[in-house]
Number of protein chains: 2
Amino acid sequence: MNTSDIHDVAKAAGVSISTVSRAFTRPDLVKKSTRDKVLQAADKLNFNISRSAGTLKTGRTNRVALLMNEEITSWFNAHVFAGLESVLHDAGYDISLYQHIDTASTRRDFFTTLPVRRNVDAVFVASFAVDPEEAAQLKRINVPIIGINIPKTDSFDASVSIDDEAGMRTAAQHLIALGHRHIVYACSAASDTIDASIDARGRGFINACEDAQRAGRDIQWQVLTVPRGSDIADSALAALLSLPEFPDAICCQMDMIAIPLVMKLQRYGHITPRDYSIIGFDDSHYADTANLTTMRQDPWAMGAAAARKALKLIDGEPLDEAHTVLRPQLTLRGTDAPFVPQS
Amino acid sequence: MNTSDIHDVAKAAGVSISTVSRAFTRPDLVKKSTRDKVLQAADKLNFNISRSAGTLKTGRTNRVALLMNEEITSWFNAHVFAGLESVLHDAGYDISLYQHIDTASTRRDFFTTLPVRRNVDAVFVASFAVDPEEAAQLKRINVPIIGINIPKTDSFDASVSIDDEAGMRTAAQHLIALGHRHIVYACSAASDTIDASIDARGRGFINACEDAQRAGRDIQWQVLTVPRGSDIADSALAALLSLPEFPDAICCQMDMIAIPLVMKLQRYGHITPRDYSIIGFDDSHYADTANLTTMRQDPWAMGAAAARKALKLIDGEPLDEAHTVLRPQLTLRGTDAPFVPQS
DNA sequence: TTGAAAGCGTTACCAA
DNA sequence: TTGGTAACGCTTTCAA
């Protein structure tokens, strides 16, 4: 009952297989009445054009690969994925996902097997740098390589990233401009196997503070680094509370640190913005609910933009701008306030 | 430089194309020395077996479809997807995603085009019911149909769901057992186009309350329904605050309602668990941070279980249990407390 | 606007 | 353990 092929449909519709093929893939080349006949016959026979067979002939796989460092369940990754989907799905592409390309062993596995070779039309790399040797291997699969939030553009045909450093510099400057004197930067330790784009944020914070000091500002700042893991926020909380003096401002590497801090510090009597200002980064889940002032970035839009570039590259079209860098946006809400020193 | 096919590799390795094919897809059938020769030649020629060509011959597409009502960025969907991936990726499958199969028009589009026909080896349907006519159409694609959190199992070959009704009944019973007298159920309005599994939760709440009353409990309960949309929690907050009398317990359809409520009610002087108990459902983002007592479900595990069933079905193997129903688990944290009426 | 025919790069059967 | 060979189901010139 299920296996009817293009020949059966052709016979049923009284046309050639060429016409059946065209009726599906280039409807405009077929007279409407013929097309209707074909489509009707196809439906009756439970037929649909086979993607794989077409692929074989055309050399287009209609598939792209997406390499991610962590799991797709993270806020950033899920939104990048959805953004890619929003343009690739309608263009007829599937996304073949490769998660956890972050440990030494998963990376080696991937880059030596190179399972995507000859099997995808483009490769997206989200949020990590590829080292020179890996880049050379990727090049050999001979399809466009598009980066999303990558630390450097070498070896990518196109990319869409945010300027993490400038973003965090803006965040710190905002706190400084508010008059804060004692600012701590709460962040998770950098991974040793991958050069996460997120690490640039720490530099932005430090630069802003040093600039302010050079300009004569009397501020005191420090970086509070806690181990990576599921309890980043709790570690940060503990570190913060055991400081000799509680800061008047906290600059967080990401909302995922800031939000728990806001909620939990409250239980210890530290209320924002009354007692301290705090700023996040991402504008992710619940940032609005928590009324968190933060630096907004839009990974969904980044994914969509990256996908549009990929489509052009696949079609051999030139790009207006190969590498796009976006500025995260200071989003003012309720966790920041001017600081008035208690004399 | 890039287009070498199986023949080139065969020549370079001094073997037949059959051997090359086997070296990749059934390494165990090829002598190790031969296999090494082939793999080496392949690497030199920048070759890798083409999935599409294999597909054509074997009839296996190595692709499955996943139908979702909303976007993959939602907590539930992202975790289901990751769970599916965790078993399907290694089995060699890609997931072809169909999002937003929820409005009348996207549904009709999908079910009349049936783009997956002959193009996938299985279809997963997450979190919505298919109506009888749609079911009939799905059947015609002649591959296993697996449901994830579907309201009824008719027309599915297998499924993994949670018992939403029993889960919410447990939640309500917990509140009742704590001695609460005035309980409100905060939920979003049911969608009119799809029969979301989530709607069963409301029934669970009502049943628990009615049972308690029949058993002589002196409780007062009501259902607070707010329109769907991004500001569900704010609508619920407003509705709650405009009640003639503030309840002593709130039972929420999902954590996404409970968490903002906990945070915002606080600003109005209602502190949990001091002034009221509140329970969520899902154990999603920040439930632990918010210290929210909730009913836990594990969509990642559900996705993984569904994927394992699909694999068996594809291989024609029998299932130990076609339809699995999981019980969400009462997860006690800090937003519930015994209720002592102020005399 | 339609048809005929030559592949596309594999897999799997059968034979050696 | 390996090789020869006939499909697999389509797309795409080229011709009509």
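Just so we're clear, the structure is a prediction, and the values are computed from it rather than from any experiment. These numbers come from the heavy atoms of this one structure, side chains and all, not from hydrogens, waters or symmetry mates. Naming: A, B, ... by sequence-line order, numbering from 1 per chain.
Across all strands shown, A/Ser50 has heavy atoms under 4.0 Å from sugar-phosphate atoms exclusively, and none from any base. In this structure, A/His7 reaches neither bases nor backbone, as no heavy-atom distance under 4.0 Å exists between it and the strands shown. Heavy atoms of B/Phe47 sit under 4.0 angstrom from primed sugar atoms or phosphate atoms, though from no base atom. Among the atoms of the strands shown, only primed sugar atoms or phosphate atoms (P, OP1, OP2) are found under 4.0 Å from some heavy atom of B/Thr25. A/Val20 comes within 4.0 angstrom of no nucleic acid atom, judged by non-hydrogen atoms across all strands. Contacts of B/Thr34 with the nucleic acid, taken as non-hydrogen atoms under 4.0 Å apart, involve only primed sugar atoms and P, OP1 or OP2.
With hydrogens and angles ignored, a donor-acceptor pair closer than 3.5 Å exists between the side chain of A/Arg22 and the base of C/dG3. Remark: the A/Thr19 side chain and the C/dG3 base include no donor-acceptor N/O pair separated by less than 3.5 Å.
Checked for salt-bridge contact, A/Asp121 and A/Arg63 miss the test: no charged N lies under 4.0 Å from a carboxylate O. Of the charged side-chain nitrogens involved, none lies within less than 4.0 Å of a carboxylate oxygen, so that A/Lys11 and A/Asp5 do not count as a salt-bridged pair. Using a cutoff of 4.0 Å between basic side-chain nitrogens and carboxylate oxygens, B/Arg22 and B/Asp28 are not scored as salt-bridged.
Protein atom NZ of B/Lys37 is 14 Å distant from nucleotide atom P of D/dT1, rounded to whole Å. When the C1' atom of D/dT1 is taken as reference, atom CG of B/Asp36 falls 15 Å away, rounded to whole Å. Between the CZ atom of B/Arg118 and the P atom of D/dG9 there is a distance of 7 Å, given to the nearest Å. In this structure, B/Arg60 atom CZ and D/dC8 atom C1' are separated by 15 Å, rounded to whole Å. Atom NZ of A/Lys11 is separated from atom P of C/dT2 by 20 Å (rounded to the nearest Å). Atom-to-atom, CD1 of B/Ile17 to P of D/dT5 comes out at 10 Å; the value is rounded to the nearest Å. Going from atom CG of A/Asp5 over to atom P of D/dA7 covers 14 Å, rounded to whole Å. At whole-Å resolution of the value, CG in B/Leu29 and C1' in D/dT2 are 11 Å apart.
Set against D/dT11, C/dA12, D/dG9, the side chain of A/Ile49 has D/dT11 as its closest nucleotide. Checking C/dT2, D/dT2, D/dG9 against every side-chain atom of B/Lys31, the shortest atom distance belongs to D/dT2.
Residues B/Lys57 and B/Ser18 both approach DNA chain D. Their nearest nucleotides, taken by heavy-atom distance, put B/Ser18 toward the 5′ side. Toward the 5′ end of DNA chain C lies the nearest nucleotide of A/Val30, the other residue of the pair B/Arg26 and A/Val30 mapping further downstream.
Residue pairs meeting the side-chain hydrogen bond (donor to acceptor under 3.5 Å, both in side chains) criterion with at least one member in residues 315-324 of chain A, sequence neighbours excluded, are A/Arg60-A/Asp315, A/Ser159-A/His323, A/Lys309-A/Thr324, A/Glu321-A/Thr324.
The shortest distance between the side-chain N/O atoms of A/Ser16 and the OP1/OP2 oxygens of C/dG3 is below 4.0 Å.
For B/Ser52 and B/Thr55, the side-chain atoms include no donor-acceptor pair closer than 3.5 Å.
Contact annotation: the side chain of A/Glu71 approaches that of A/His100 to within less than 4.5 Å [non-hydrogen atoms, C-beta and beyond].
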